Amino acid sequence: MTDQPVSTKPVVLELDDVHASYLQFKALFGVSFSVREAEAVALIGPNGAGKTTVARVCSGLVPPSLGRVLVNGEDYSGKNAYEFALAGIAHAPEGRSVFGTLSVEENLSLGFRRRFGRAGVSDALTKAYELFPRLGERRKQGAGSLSGGEQRMLTLAAVLVLEPKLLIADELSLGLAPIVTDDLYDVLQRILSMGTALLLVEQHVDRALELANEVVVLERGTVTHHGHPSRDDILTSVFGTREVAS
Ligand code: ATP
């Protein structure tokens with residue numbers, strides 16, 4: 001089912017008939033959708049559907065074997081993840097991607113020094129702690145001893161301070177208490193209102209749909225629903241009923 005929303009905002013990222021494989025294994029079969037400035041797209045679907053693979057294609061980690069990836073209208077299909085990052089595409093991957101033996105501040109400083117130079121690190125840290133005051137309180141603490149939610153905050157802070165045009169958040173709420181997920185989604189709402197586009201790969205369907213302007217349902221590497229985030233439609237599409245609680 002396809003009921004694509006009409007929006008006139010500029011497209012930040014577009015997948016055009018993308019196929020992708022891991023060696024002989026074909027994971028995506030002709031995936032097409034776009035993400036617009038200051039809009040959120042929720043990418044949902046069952047385990048193994050190919051959501052993470054789509055996220056990787058969107059950030060240059062997996063190249064399409066067929067089809068195109070456009071960033072701000074330019075063909076990025078052959079470019080690498082670093083070039084995607086320079087174009088403003090930030091990827092907060094699934095799981096805990098922090099250096100556990102380094103402190104919060106050391107983790108953040110590593111990326112900030114590379115992007116802003118030594119002189120820009122202090123300002124960047126201030127911005128990170130404004131976004132996530134909890135990280136400021138724990139700046140000297142080893143990242144490995146943070147809670148799951150705090151580690152997710154650290155991952156997000158590291159990319160949000162770079163002011164990306166698009167943030168790809170893969171399973172942000174996975175394994176987190178609802179109250180922690182609320183905090184993270186409050187920050188996402190804030191950055192959305194500041195103009196950043198979001199691609200939310202989520203198992204927590206309700207949470208993603210609250211924020212989304214558009215939803216893409218992926219099943220077995222194919223888009224089976226693309227349109228407005230009407231909860232009934234999504235439940236029918238993914239679970240075959242309108243009665244299932246997500
Ligand atoms: P989940 O919600 O379980 O994380 P997903 O929808 O994100 O699933 P993907 O992780 O994109 O799905 O996986 C899609 C398919 O590609 C799966 O069959 C998976 O086994 C396969 N796959 C994923 N990563 C690799 C890889 N690095 N090498 C080989 N196959 C892979």
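In listed order, ligands and their atoms are each counted from 1. Because the structure is a prediction, the values reported are computed rather than measured. For the numbers below, each heavy atom of this structure counts, side chains included, while hydrogens, waters and symmetry mates do not.
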Test side chain to side chain donor-acceptor pair (under 3.5 Å) applied to E130 - qualifying residues, sequence neighbours left out:
none
Run the salt-bridge test on E37 and K165 with the 4.0 Å N-O cut-off and return the result as yes or no.
no
Can you sort out the partners of Y22 under side chain to side chain donor-acceptor pair (under 3.5 Å), two or more places apart, ordered by chain and number?
T53, R56
Carboxylate-amine/guanidinium contact K51 D170, below 4.0 Å:
no
Distance filter under 4.0 Å, heavy atoms only, around ligand 1 gives Y22, F25, A27, P46, N47, G48, A49, G50, K51, T52, T53, R56, E171, Q203
From F132 atom CZ to L184 atom CG, the distance as rounded to the nearest 0.5 Å
6.0 Å
Checking F112 now: which residues fulfil ring-ring contact (aromatic ring centres under 6.0 Å, His included) with it, not counting sequence neighbours?
none
